Structure formats: C-alpha cells, structure tokens
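Just so you know, these numbers come straight off a predicted model, no measurement behind them. Heavy-atom basis, side chains included; hydrogens, waters and symmetry copies ignored. Residue numbers count from 1 along this sequence.
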Amino acid sequence: LSASNMVIAHPKDEITFKENFGSISKSASRKRFDEFEKAVSSMKSGLFLGSSFEGDEAAIYFTAMETIDWTFMIVWPAKMFLDEERSMNHMFAWISVGGYFVMLVIILVITFRVSRPLKTLAVAAEKLGHGDFETEIPEVKGKDEISQLAVAFNDMRTSLKEFVEKQKGLDRIERELEFASSIQMGILPKDESEEKCNDDRHSLAPFLQPAKEVGGDFYDFFKLDDDHLAIVVGDVSGK
C-alpha cells in the first residue's frame, strides 16, 4: 500500500493502482480492516490474523516502510499458515525432546567421568587418613581439575610418607637420647649418703640441668679420708 493506501502490488492486475485500502475494505469485514490499520500504526511490524481483500481468513505479515510511508504485506490463507505453524511447533517439539535427550546423555557422561574418579580419590583419601600410605592414587588422564586433584593427592601421599619416615627416625633418636640421658643421670651421685659423705661439717646439694637432652657435663664427690672431701666438676666446652 502507498502512503495514500493505494494498492501498488497485488496478484490481480485489476486491483493494482486501481483500488485503495478503503474501497476494498467495503467488500470485507470493516471491523477487521480497522483492527489491521490500528495494528500497522501501533506495531509498525508484525503478524496479524485477519481477512484478505476477498474476505477470506488470512494471516498477514506487515511492516511499515517509514521513509516513504508505504506498508508492505505478505498474505497467506489462514488455514495454510496455521497448518504450517502447527507443523513447525511439532518440529520444534521433537527438536526440543531430542535436544533434552542429548543434553541428558552429555550430563550423564560428564557426571560419570567426574564422579567416578572423585569416588576413587575419596576412597584413597580415607585410606590415607587411616595411615595407609602405600595405597595407590588413581591416575586420571587429562588436564582438567580432576587430573590436577589426582596429582595433588599423589604429591600429598609422597610428602606424608616422607614425613612419617622422618618422624619415625626422630622418635628413634629421641628414645636413644632419653636412654642416654637416663644413663648420664644414673651415674651421677644424688646425695651425700649415696657416696657415704655424710658429715656435720658440710652439706652438699648436687644438681645438673643439661641444655639439651644429654649434656657433656660431669660431677662427682667422695671422701679421701675422714677429714678430706674431693669434688670433681667437668664441663665440655661449647655451651
């Protein structure tokens, strides 16, 4: 339609450039043409279910060509349009169902690929927590977060194993030092009566506190005779 609603293009030549929108609308439902005019003026572009110039039910796609104030329309028989619409809806429905199915399969595959190594790592972590440092950490191929987690678990197991071995060595050394300390303290006299040095003329209070578990110091005391007391003190340099 031109700016004056003149029919510019139509399959029937007797209408082209001879009829306008108003004159043709008299032969069809005036109400529908009024609705169509309102739709064109308000929407500028869209789809309208109305009537053809012949008065048949029709689906009309329209767009306003604002630069020249023309209106471009494509008209289908309503039944054909609705049948095609239903066909498209069915096709989209099948596509949607197929898409959901494909997505479900993909989700299950991803879930299986992620959950299976995670469950295996969880079992290995539980064994590590109970002190089984010989348990095998599953190898997860790839460069994703799961494979990185598996590598981190393996490194953790190695570090824990080394730490425990070192701790065992430290415990052994500590026990040996405690044993050496008990030997050292055992050979030192504790009081005068132990060395039969009791005498009213003196009072001895022996004491030794090593800087570490075992010291290099030594003391002793004993009577040379009834009137002479010998006291020996040795100190290893370095402290």
Side-chain angles (χ1 to χ4, degrees), residues 100-239:
Y100 282 127
F101 179 75
V102 171
M103 287 177 61
L104 180 62
V105 172
I106 292 174
I107 290 172
L108 290 175
V109 170
I110 293 175
T111 302
F112 180 76
R113 185 177 182 276
V114 171
S115 62
R116 185 178 180 183
L118 281 179
K119 288 180 179 178
T120 309
L121 288 174
V123 172
E126 185 176 0
K127 291 181 179 178
L128 287 175
H130 288 87
D132 182 8
F133 300 113
E134 299 300 328
T135 183
E136 289 294 328
I137 303 298
E139 181 181 358
V140 181
K141 296 181 179 180
K143 296 182 180 180
D144 56 9
E145 290 80 1
I146 304 299
S147 61
Q148 293 174 3
L149 181 63
V151 172
F153 260 85
N154 197 45
D155 293 341
M156 180 182 69
R157 184 198 64 169
T158 302
S159 298
L160 286 173
K161 190 175 180 181
E162 292 176 354
F163 174 79
V164 170
E165 291 299 325
K166 289 180 180 178
Q167 191 63 39
K168 287 180 180 179
L170 291 175
D171 291 343
R172 178 180 55 80
I173 293 173
E174 185 176 356
R175 288 194 300 271
E176 291 178 355
L177 288 174
E178 289 176 355
F179 182 65
S181 177
S182 65
I183 292 176
Q184 179 187 27
M185 302 304 291
I187 63 176
L188 297 175
K190 302 296 187 297
D191 53 48
E192 295 180 82
S193 60
E194 194 176 307
E195 296 295 320
K196 298 179 181 180
C197 295
N198 302 49
D199 197 312
D200 295 336
R201 293 171 291 177
H202 59 73
S203 178
L204 300 179
F207 176 76
L208 174 67
Q209 180 64 53
K212 294 184 178 180
E213 286 79 0
V214 178
D217 303 332
F218 175 78
Y219 70 83
D220 196 7
F221 52 87
F222 50 89
K223 281 225 174 184
L224 298 176
D225 53 44
D226 291 339
D227 296 320
H228 295 85
L229 175 69
I231 296 177
V232 181
V233 176
D235 183 15
V236 176
S237 63
K239 299 286 192 302

Which atom pair, heavy atoms only, marks the closest approach of Y219 to L208? CE2-CB, 3.9 Å
Do you know which two heavy atoms are closest between L204 and E192, and how far apart they sit? N-OE2, 3.0 Å
Which heavy atom of C197 sits nearest a heavy atom of L229, and at what distance? SG-CD1, 4.0 Å
Atom of K196, atom of K223 and distance for their closest heavy-atom approach: O-CG, 4.3 Å
Please list every donor-acceptor pair under 3.5 Å in which a side-chain atom of residues 165-174 meets a protein atom from a residue at least two apart or in another chain.
residue : atom : partner : partner atom : Å
Q167    : NE2  : D171    : OD1          : 3.3
R172    : NH1  : E176    : OE2          : 3.2

Distance col, row D191:CG vs F221:CZ, nearest 0.5 angstrom, shows 7.0 Å
side-chain hydrogen bond (donor to acceptor under 3.5 Å, both in side chains) partners for D226, two or more places apart: none
For D200, does the CG atom sit with more than 12 other heavy atoms under 6.0 Å from it, leaving out its own atoms? no
Within the distance-only criterion (no hydrogens, no angle test), does the side chain of S181 pair as donor or acceptor with the backbone N or O of L177 below 3.5 angstrom? no
Give a yes or no answer on whether the side chain of D199 reaches the backbone of H202 with a donor-acceptor pair at less than 3.5 Å. no
side-chain hydrogen bond (donor to acceptor under 3.5 Å, both in side chains) partners for D220, two or more places apart: none
